[in-house]
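Structure first, commentary second.
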Amino acid sequence: MERRADQGWIEVIAGPMFSGKSEELIRRVTRYHLARVPTQTFKPALDVRYAVGEVVSHSRLSTGATPVQDSEQLLKSVDDRTVVIGVDEGQFFDGGLVEVAEMLAGAGKNLIVAGLDLDYLGRPFEPIPSLMLRAEYVTKALAVCHKCGGPGLFTQRVVQSDELVVLGAQDAYEARCRRCFDPQEAEQQKLNID
Ligand code: ADP
Ligand code: MG
Ligand code: ZN
């Protein structure tokens, strides 16, 4: 057997909002950073909820992050010496993220991508599902259902909007379990008010 020193891989942390994806990403990147392994963290330029140059979890953990427009800019921004690459909010990237991740893993990098696997209607939220199929390690994170305390695997939008992306946290979304998730809920509330 010939063991290669330059072997990279892909890790995906997938789950609904509030499931601790950013927390886990920050933890994984920080432990390398503390051991002086060169790391870089990226996030989509679209996500400016708390801070532009940082990934911040709902529990207020944070790490420095470079905002990038798309997967192409991400690829261009990776330094040669970087070994560990963190990516948060992977669902806001274009489909090119899968190819870029594979290229970087092929070049010996360790990629850690966090993102939503399902959208607010419970549909696959690409490119995370495709990336999960191409990853060596997949962690499915669960939140606590805001309604009943059960295993929250869905992100429930609690304000009415037909947009795929409505940025916001506590006020616009809740984690819900299989029984309490109802994609039509916000729609119906609006109808009741009208
Ligand atoms: P994600 O990136 O998956 O949205 P974060 O890592 O930003 O999640 O935040 C996870 C933290 O959110 C938890 O450690 C907890 O402090 C907080 N939190 C708020 N609401 C919930 C919930 N319903 N279930 C679990 N954690 C929650
Ligand atoms: Mg997050
Ligand atoms: Zn529930």
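For ligands, and for the atoms within them, numbers begin at 1 and follow the listed sequence. A quick note: this is a predicted structure, and the numbers were derived from the prediction, not measured. Values below: every heavy atom of this structure, side chains too, minus hydrogens, waters and symmetry copies.
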For ligand 1, which atoms sit closer than 4.0 Å to a heavy atom of [X]?
X      : answer
Ser59  : 16 (O)
Ser57  : 5 (P), 6 (O), 7 (O)
Ala143 : 24 (N)
Pro16  : 3 (O)

Locate the shortest heavy-atom distance separating [X] from [Y]; write the atom from each residue and the value.
X      : Y      : answer
Asp171 : Val158 : O-CG2, 3.4 Å
Gly64  : Thr41  : O-CB, 3.5 Å
Thr155 : Phe181 : O-CE1, 3.7 Å
Pro16  : Ser19  : O-OG, 2.7 Å

Practice task
Decide whether a cation-pi geometry holds between Arg157 and Tyr173; the criteria are a distance under 6.0 Å from NZ or CZ to the six-membered ring centre and an angle within 45° of the ring axis.
Solution key: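 No.
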Practice task
Only one of Asn110, Thr139, Thr39 passes side chain to side chain donor-acceptor pair (under 3.5 Å) with Arg28; say which it is.
Solution key: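 Exactly one option meets the side chain to side chain donor-acceptor pair (under 3.5 Å) with Arg28, and it is Thr139.
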Problem - Residue pairs, two or more places apart or on separate chains, that pass side-chain hydrogen bond (donor to acceptor under 3.5 Å, both in side chains) and touch residues 91-101 - result: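 Qualifying pairs, neighbours excluded: Ser71-Asp94, Glu89-Gln91.
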Within less than 4.0 angstrom of ligand 1, does [X] place any heavy atom?
X      : answer
Gly20  : yes
Ala114 : no
Gly15  : no

Handout entry: Closest to atom 22 (C) of ligand 1 among Leu61, Val144, Thr155, Val55 (heavy-atom distance)
Key =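 Looking at heavy atoms only, the winner is Val144.
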Practice task
Using side chain to side chain contact (heavy atoms under 4.5 Å, CB included) as the criterion, point out the one residue from Val78, Val113, Val55, Asp88 that pairs with Phe42.
Solution key: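 Of Val78, Val113, Val55, Asp88, side chain to side chain contact (heavy atoms under 4.5 Å, CB included) with Phe42 is met by Val78 alone.
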Handout entry: Asp182 and Gln156, any side-chain heavy atoms less than 4.5 Å apart
Key =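 Heavy-atom side-chain distance check passes, below 4.5 Å.
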Problem - Ile13 side chain near Lys140 side chain, heavy-atom distance below 4.5 Å - result: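 No - every pair of side-chain heavy atoms lies 4.5 Å or more apart.
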Exercise for the section: Using distance alone, determine whether Met17 and ligand 1 share an N or O pair under 3.5 Å. Expected result: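 No, Met17 has no N/O under 3.5 Å of an N/O on ligand 1.
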Exercise for the section: Please say whether Phe18 places an N or O atom under 3.5 Å from an N or O atom belonging to ligand 1. Expected result: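 Indeed, backbone or side chain, Phe18 has an N or O that close.
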Practice task
With the Zn ion (ligand 3) as the centre, enumerate protein N/O/S atoms below 2.8 Å in chain and residue order.
Solution key: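 Under 2.8 Å from the Zn ion (ligand 3) - ignoring waters, which are not counted - the protein N, O or S atoms are Cys145 SG, Cys148 SG, Cys177 SG, Cys180 SG.
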Exercise for the section: Output yes if Met17 passes the N/O/S-under-2.8 Å test against the Mg ion (ligand 2); output no otherwise. Expected result: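 Not a single backbone or side-chain N, O or S atom of Met17 is under 2.8 Å from the Mg ion (ligand 2).
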Practice task
Could you state whether Ile10 and Val100 fall into the same hydrophobic cluster, counting links through intermediate Ile, Leu, Val, Met, Phe, Trp or Tyr residues with side-chain heavy atoms under 4.5 angstrom apart?
Solution key: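 Yes, one cluster joins them.
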Practice task
Have a look at ligand 1 and work out which part of His146, if any, has a heavy atom under 4.0 Å from it: side chain, backbone, both or neither.
Solution key: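 It is the side chain that touches ligand 1; the backbone stays farther off.
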Handout entry: Polar side chain donor-acceptor pair, Trp9 to Glu11, under 3.5 angstrom
Key =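 A pair is found: one side chain offers a donor N or O, the other an acceptor, under 3.5 Å apart.
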